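What you are looking at is a predicted structure, and each value in this text was computed from that prediction instead of being measured. The figures that follow rest on heavy atoms only: side chains count, while hydrogens, waters and symmetry mates do not.
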Amino acid sequence: MALIKSISGIRGTIGGKPGEGLTPLDIVKFSAAYGAWVLENSDQKKIVIGRDARLSGGMVTQLVSQTLLGMGLDVIDLGLSTTPTVELAVPREKAGGGIIVTASHNPIQWNALKLLNHRGEFISDSEGQEVLQKAATDDFKFAVVRKLGSYTRKEDYLDLHIQHVLDLELVDREAIAERKFKIVVDGVNSTGGLAVPRLLKALGVAQVVELYCEPNGEFPHNPEPLPEHLRDIALKLENGDFDLGIVVDPDVDRLAFLNEDGSFFGEEYTLVAVADYVLSQKLGNTVSNLSSTRALRDVTEKRGAQYQAAAVGEVNVVKQMKASAAIIGGEGNGGIIYPESHYGRDALVGIGLFLTHLAKFGKTASRLRASYPNYFISKNKIELTPSIDVDGILDRIKWKYRNYPVNTIDGVKIDFDKEWVHLRKSNTEPIIRIYSESETSATADHLAKKIMSDIKEIIAEKN
């Protein structure tokens, strides 16, 4: 059993003892703490909620909604929904905040509460700390009987979200329809199975083949949209009968593509391709996190704009995007953030922009992928004993490579000529994560091993 309380919400495995798993008592306590925070920080007493299709979603959502009603808050329940749909609904409903019941790409036994502010954006670090403190100290009060909240169900927001995508200036339905695309969708038996095929048909896609699009919560494979988990859709595509494969995670904020031959476009390149299209239509800055591919920087600078890196985490990327007036940004895990729409990762918006780009490109998805700089990322970690000073190790690495450009806003990132390495410590365990990127996978692996060797030498010196 596991329960992780963080500034962005609460997540854990279903069952177990209170405080050790995501139990009904934990759900109620955290929902009440968030409700109290909303009441203190907003004039609006409405909360929008929605969930992905995982098996525990109905139970968790009922506990959340009834707790909020008990706080005197009015609940607008979108039912089966997506994370970006809830994000869009919060400001439209003039709500004080929102809760998405989803554990994103985590396996079936997990669930979580993702917390939004009145703008439909994830709450900040300081706001998250306030909610955690309220939960830890039972700093919340329930309403008396005549001041209980009201409950409203609204199930049309997926259609409103799809119309929102169609209405975006840079989404060209006519260009998409003219290409008569044939597309396979893997919806991992969650809400993407509802939203993505419906969007594709609205965009004029000629043929949509649905794979695992029944929103029953029975994930047919690991729900994180990585190549090693997507064998079935790759096999479906490899005979060349389709133009594209589209994969989303259970709450539809991450987006991955497969080429017409079943090869992988690469989740790192989802943002690269979408950004390239947006920048071809409008000059502006871009942002991604420190662990995302350098290809976005290359594409941005080629278009005459400026790229900036943010600390890992959607809330950090959004903050940097606002500071630099970026017109497109996101994360290398397939997360597209398009401010023209809203400040949240949105796979549906990403699909609309990508298909427009592919339609106007006029060639295959694999040819589009080949048009971008080719980089490889190696992901590694070193497990340490709790007694080891992780911050001290990172300081030593920073000093060792002081003659290179070093970024310390989130761990230590060292930029070399056409490659980089990023070291971050885990917030929950004694681990240093080491991501490296180069123009070949062998060089990326070699760079990671070199840094890992440096770390081991530093540890040996201290002992």
Side-chain angles (χ1 to χ4, degrees), residues 103-108 110 182-190 192-193 196 209-213 219-275 288-289 291-296 312 330-336 345 347 350-351 354-355 357-358 364-381 419 422 433-445 447-448:
S104 193
H105 62 272
N106 288 110
I108 198 168
W110 288 81
K182 294 183 290 184
I183 296 175
V184 183
V185 177
D186 181 346
V188 72
N189 283 343
S190 189
V196 175
V209 174
E210 300 179 16
L211 187 66
Y212 307 131
C213 286
F219 301 154
H221 52 75
N222 186 308
E224 187 167 13
L226 300 175
E228 56 265 32
H229 305 149
L230 303 177
R231 181 175 177 273
D232 291 349
I233 189 172
L235 289 173
K236 193 86 173 173
L237 288 159
E238 65 179 12
N239 290 331
D241 297 327
F242 301 93
D243 298 296
L244 190 70
I246 296 178
V247 184
V248 292
D249 63 342
D251 68 323
V252 200
D253 63 356
R254 287 176 61 173
L255 175 62
F257 298 109
L258 288 85
N259 298 320
E260 73 285 350
D261 57 0
S263 61
F264 291 90
F265 195 86
E267 64 170 356
E268 287 284 337
Y269 283 82
T270 299
L271 175 57
V272 174
V274 171
S288 65
N289 69 40
S291 288
S292 297
T293 180
R294 180 192 173 98
L296 178 61
V312 173
E331 297 187 283
N333 58 12
I336 302 294
R345 294 183 302 176
I351 289 168
F354 182 88
L355 286 182
H357 186 28
L358 185 61
T364 62
S366 61
R367 291 285 294 274
L368 178 63
R369 171 63 181 83
S371 70
Y372 297 120
N374 209 27
Y375 293 106
F376 297 86
I377 291 181
S378 178
K379 299 182 179 182
N380 302 272
K381 64 182 179 181
E419 52 202 23
H422 185 203
R433 302 189 187 280
I434 303 164
Y435 288 12
S436 56
E437 183 179 58
S438 186
E439 292 178 320
T440 69
S441 57
T443 306
D445 287 338
L447 179 58

> What distance separates N222 CG from I108 CD1, expressed to the nearest 0.5 Å?
11.5 Å
> Taking all non-hydrogen atoms of both residues into account, name the closest pair between L258 and F264 and its distance.
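Where L258 meets F264 most closely, the heavy atoms are CD2-CE2, 3.5 Å.
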> For a quick test of reading the model, state the closest non-hydrogen atom pair linking Y269 to A295 and the distance between them.
CE2-CB, 3.7 Å
> Would you compute the distance between atom OG of S292 and atom OH of Y375 and round it to the nearest 0.5 angstrom?
14.0 Å
> As an exercise, state the distance from CG of L296 to OH of Y372, rounded to the nearest 0.5 Å.
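One gets 11.0 Å once the value is rounded to the nearest 0.5 Å.
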> I'd like to know if the side chain of D261 reaches the main chain of S263, judged simply by a donor and an acceptor atom lying under 3.5 Å from each other, with no hydrogens or angles considered.
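Yes, because the side chain of D261 sits within donor-acceptor range (under 3.5 Å) of the backbone of S263.
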> For the pair S190 (side chain) and G192 (backbone), establish whether a donor and an acceptor sit closer than 3.5 Å, ignoring hydrogens and angles.
no
> Working to the nearest 0.5 angstrom, can you tell me the gap between L244 CG and L355 CG?
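L244 atom CG to L355 atom CG measures 6.5 Å (nearest 0.5 Å).
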> With side-chain hydrogen bond (donor to acceptor under 3.5 Å, both in side chains) as the test, would you mind laying out the steps for S378 and N380 before giving the verdict?
CA-CA 7 Å; S378 178; N380 302 272; 2.9 Å; yes
> Sub-3.5 Å donor-acceptor pair from the side chain of S436 to the main-chain atoms of A444, do we have one?
yes
> When you measure from the side chain of N289 to the backbone of S291, do you find a donor-acceptor pair of N or O atoms at a distance under 3.5 Å?
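At least one qualifying donor-acceptor pair exists.
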> Evaluate the side-chain proximity of N189 to C213: yes if any heavy-atom separation is below 4.5 Å, no if none is.
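They are not in side-chain contact.
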> Centroid-to-centroid, F265 to F354, below 6.0 Å?
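Here the rings of F354 and F265 have centres that are less than 6.0 Å from each other.
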> On a heavy-atom basis, which atom in I336 and which in L271 lie closest, and how many Å separate them?
CD1-CA, 3.4 Å
> Under the salt bridge (charged side-chain N to carboxylate O under 4.0 Å, His left out) test, which residues partner E238, sequence neighbours left out?
none
> For the residue pair F219 and V188, what are the closest heavy atoms and their distance?
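Taking F219 first and V188 second, the nearest heavy atoms are CD2-O, 3.2 Å.
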> Indicate yes or no for a side-chain donor-acceptor contact from K236 to the backbone of V184 under 3.5 Å, with no hydrogens or angles considered.
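Checking the backbone N and O of V184 against the side chain of K236, no donor-acceptor pair under 3.5 Å is found.
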> Decide yes or no for I434 and H422: does some side-chain heavy atom of the first lie under 4.5 Å from some side-chain heavy atom of the second?
no
> Measuring from L226:CG to H221:NE2, what's the distance to the nearest 0.5 Å?
10.5 Å
> Assess the side chains of R369 and N374: does a donor N or O sit below 3.5 Å from an acceptor N or O?
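There is such a pair between these side chains.
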> Using the side-chain contact (heavy atoms from CB on, under 4.5 Å) rule, take D232 and Y212 through it: C-alpha gap first, then chi angles, then the decisive distance, then the call.
CA-CA 10 Å; D232 291 349; Y212 307 131; 2.4 Å; yes
> Identify the heavy atoms of I183 and F242 that sit nearest to each other, and give their distance.
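Of all heavy-atom pairs spanning I183 and F242, the closest is N-CD2, 4.3 Å.
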> Quick one: are E268 and V272 in side-chain contact, heavy atoms under 4.5 Å?
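Counting from C-beta outward, E268 and V272 never come under 4.5 Å.
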> Do E437 and T293 pass the side-chain hydrogen bond (donor to acceptor under 3.5 Å, both in side chains) test, and can you show the C-alpha distance, the side-chain angles, and the key distance before you say yes or no?
CA-CA 7 Å; E437 183 179 58; T293 180; 2.6 Å; yes
> Rounded at 0.5 Å granularity, tell me how far CD in E419 sits from CZ in R294.
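If I round to the nearest 0.5 Å, the distance is 9.5 Å.
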> Looking at S366, is its backbone amide N or carbonyl O close enough to the side chain of E260 to form a donor-acceptor pair, meaning the two atoms are under 3.5 Å apart?
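Checked: pair present.
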> Could you tell me which non-hydrogen atom of T270 sits nearest to which non-hydrogen atom of G334, and how far apart they are?
CB-CA, 4.2 Å
> May I have the list of side-chain donor-acceptor pairs in residues 248-256 shorter than 3.5 Å, sequence neighbours left out?
residue, atom, partner, partner atom, Å
D249, OD1, V252, N, 3.1
D249, OD1, D253, N, 3.2
D249, OD1, R254, N, 3.2
D249, OD2, S104, OG, 3.3
D251, OD1, S104, OG, 3.4
D251, OD2, T83, OG1, 2.5
D251, OD2, K114, NZ, 2.9
D253, OD2, K114, NZ, 3.3
D253, OD2, R345, NH2, 2.9
R254, NE, N333, O, 2.9
R254, NH1, H105, ND1, 3.4
R254, NH1, E224, OE2, 3.3
R254, NH2, E224, OE2, 3.4
R254, NH2, E267, OE1, 3.1

> Before giving the answer on side-chain contact (heavy atoms from CB on, under 4.5 Å), spell out for T364 and D243 the whole-Å C-alpha distance, their side-chain angles and the decisive distance to 0.1 Å.
CA-CA 7 Å; T364 62; D243 298 296; over 6 Å; no
